[in-house]
Protein chains: 2
Amino acid sequence: MTIYEVARRAGVSIATVSRTLRGTGPVAAKTREKVLKAVEELNFTPSRLGVSLAEGRHAANGVVFPDLAGPYYAEVLLGYEEVASELGRSVIILSTKGRTRVGDLIKDLAGRVDGMLIFGHTVPEPLVAELVRLGVRLVFVSRDPLPGADTLRSENTASARALAAHLADHGYERFAFLGAPLTSHDDVDERWRGVRSVLGGAIEAVDTGHYTVECGHEAATKLLKGRDRPRAIVCSDDEVALGALLAAEELGLDVPGDVAVTGWDDIMAARHARPALTTVRQPMRELGARAARALDELITGVRDTPSHHTLATAPVIRASCGHHPQEVRT
Amino acid sequence: MTIYEVARRAGVSIATVSRTLRGTGPVAAKTREKVLKAVEELNFTPSRLGVSLAEGRHAANGVVFPDLAGPYYAEVLLGYEEVASELGRSVIILSTKGRTRVGDLIKDLAGRVDGMLIFGHTVPEPLVAELVRLGVRLVFVSRDPLPGADTLRSENTASARALAAHLADHGYERFAFLGAPLTSHDDVDERWRGVRSVLGGAIEAVDTGHYTVECGHEAATKLLKGRDRPRAIVCSDDEVALGALLAAEELGLDVPGDVAVTGWDDIMAARHARPALTTVRQPMRELGARAARALDELITGVRDTPSHHTLATAPVIRASCGHHPQEVRT
DNA sequence: TTGTAGGCGTTATCAC
DNA sequence: GTGATAACGCCTACAA
């Protein structure tokens, strides 16, 4: 079913069909009707390939993430897809987790889209440079600013400080940070610096390897069994924190009575954990939505200088960080 | 950067460049080198649009889902993307939640892919028929078989019966099913029929509207406050069940002492809920992986008759359904 | 108001 | 072995 068949059926040229469908250029009312009738009868939809080739654009955005396991990426993705869709752009996904030859995959993706959202440090730095050089429109979420691309992140330092201050108010004196920063300049690293700037030498960092429930569980078990058990465990994110809660329960420790635990992100499970998890809420949906809009600006050329934004976050105090005189429920 | 520039630089024709790059047809060793050198220097990558147009295929799959809020869709999507990627196909996503003009979106998607995975009943029936008529390769996940498309689902009835039997073994006599079937012939409907076939008149269905924590919470609260409080609540899925747990806690009811609760899916939060949620595990990742493979068969033409498969599921007994002499931990 | 024709970037079929 | 050249499906000056 091509535009030629529609044209033949309607007794006009393909140019007229195109004009009618796109509303570009003038078309006589009668002609228009004939065309629409033919389109209807033949159930014609312009080939996306033809359109893209002629228009010189894909009307599609890419998104690169490590995994979709936790709720974080899914939420951001959802916000991204929603806005992209509003703007008439499809979204092509690419997960890098456990993938070999990531470079090839990214390059292939780059050939299918007008621009892409890349999470944190999922793409090796040299490749990033090459993409920038190739003129691919890029917006990074959760990484430090770099030249030639937009970056978008949510605030870490201030909320980390606020969280640390709250824990200190509980009177705790020995702390541990679970989920040590793997790469510098990423979200977790900022959280670590934030809490440390408040707690100083009273907090020690513990590496978990990955940011998963399992890793959190394992590291927390070791930590809680040790001689100098910390009074409070600040976790890099909610999933690690859920692992810590599990470890505490298995060891017969009361949370927050024996040990306090906090997370980061405010994923669904945080609210349903027992005790409910004190954490920091970040606007995941909004992050995705903004990324889509930023990309659109870059692609349409409304803007051509990279922008770098930081979205606000806020601690959500629940039960896992300690007892509160007046119950706070969120 | 087009194939013409490469050809010019290498001093050959575009046909030779194409042959060299694709390994189709013979190319003299010397010529080949010249071409590869030019390609290297110009950093040339064939335009995906050009290739697709000429090849007559997109090398891309679509996927239509309502939302990505819970872990269920994300997991299936992940399995789907992984296999699709292995098979050299990109994945274009489309969320229908809160979207108007779904028909147009789906049609646009259909024009960008060689085939698509559609969840349950996210697409109106007439449109499904039209897609089938248009020859779009389709595989449905979680819906009843229909002619002209593959369907893939996980088992519901048997596991529902097993779950119901387990609850009956606990000695309970009054039950409620939370999350009444909205459409017949879907997963939840089968679960409902399964448990009812075992519990008979002892179980009553309660509509929750949506399958979310909030809806589950609301419906459970009403139910547990009522005169004839059920002894056990079988929920349509884990999220509704989490809502029920929350409701019970707020009302000061002990789970499973006062009321037992079960879910379905075995999402991450199920294991971390307190008490840990008894549920039914379904192979979400596998569902997605199989869908991608089925689609590939359909697209490449290895198979042209629709296939309909059902994947096995199994109850996961934890703490929320009642006390067990020998603790089972999963 | 409508039609012709060139271009978008490949692949693949023929001749040579 | 290699090179024209016709698709592939559409958009859009430009001409009529």
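Numbered from 1 within each chain, the chains take letters A, B, ... in sequence-line order.
- Here C/dA12 is the nucleotide among C/dC8, C/dT11, C/dA12 with the atom lying nearest to any side-chain atom of B/A15.
- The CZ-C1' distance, from A/R48 to D/dC8, rounds to 16 Å in whole Å.
- For A/R48, the CZ atom is densely surrounded, since the number of other residues' heavy atoms within 6.0 Å is greater than 12.
- Within the structure, a side-chain polar atom (N or O) of B/R22 is placed less than 4.0 Å from OP1 or OP2 of C/dT11.
- Interface remark: the B/R32 side chain does not form any donor-acceptor pair with the D/dG1 base, using a distance-only criterion of under 3.5 Å.
- A salt bridge does not link A/K37 to A/E33: none of the charged side-chain nitrogens sits closer than 4.0 Å to a carboxylate oxygen.
- For the side chain to side chain contact (heavy atoms under 4.5 Å, CB included) with A/T20, the lone residue among A/V39, A/V27, A/T31 that qualifies is A/V27.
- Classification of B/E190 and B/R153 as a salt-bridged pair holds, one side-chain N sitting under 4.0 Å from a carboxylate O.
- Within 4.0 Å of B/T45, counting heavy atoms only, lie sugar-phosphate atoms of the nucleic acid but no base atom.
- Here the side chain of A/S47 is nearest to one of C/dT1, D/dG9, D/dT12, namely D/dG9.
- Comparing C/dT10, D/dG3, D/dC10 by their closest approach to the side chain of A/P46 singles out D/dC10.
- Between B/H58 atom NE2 and C/dT10 atom P there is a gap of 17 Å when expressed in whole angstrom units.
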Step-by-step side chain to side chain contact (heavy atoms under 4.5 Å, CB included) determination, A/L68 to A/K97: CA-CA 9 Å; A/L68 225 47; A/K97 169 80 159 291; over 6 Å; no

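- Distance OH (A/Y4) to C1' (D/dC11): 10 Å, rounded to an integer number of Å.
- Distance from the side chain of A/S13 is smallest to C/dT4 among C/dT4, D/dT2, C/dT10.
- Between D/dG1 and B/T31, no contact under 4.0 Å exists linking OP1 or OP2 to a side-chain N or O.
- Protein atom CD of B/E55 is 19 Å distant from nucleotide atom P of D/dA7, rounded to whole Å.
- A straight line from CD1 of B/I3 to P of D/dT5 spans 17 Å, rounded to a whole angstrom.
- Closest contact between the side chain of B/L53 and the listed nucleotides D/dG3, D/dC8, D/dC10 involves D/dC8.
- Between the P atom of D/dA4 and the CZ atom of B/R8 lies a distance of 14 Å, rounded to the nearest Å.
- Neither OP1 nor OP2 of D/dC8 sits under 4.0 Å from any side-chain N or O of A/T2.
- Remark: C1' of D/dC10 and CG of A/L21 are 11 Å apart, rounded to the nearest angstrom.
- At whole-Å resolution of the value, CD1 in A/I14 and C1' in C/dA5 are 9 Å apart.
- Residue B/S18 has a polar side-chain atom (N or O) positioned under 4.0 Å from OP1 or OP2 of C/dT11.
- Ion pair B/R143/B/D186 not flagged as a salt bridge, since none of the NZ, NE, NH1 or NH2 atoms sits closer than 4.0 Å to an Asp/Glu carboxylate oxygen.
- The listed nucleotides are C/dG3, C/dT10, C/dG9; the one nearest the side chain of B/V51 is C/dT10.
- Using a 4.0 Å heavy-atom criterion, one finds that A/A28 contacts the sugar-phosphate atoms exclusively.
- Judged by closest nucleotide on DNA chain D, B/V12 is the one of B/V12 and B/A54 placed further toward the 5' end.
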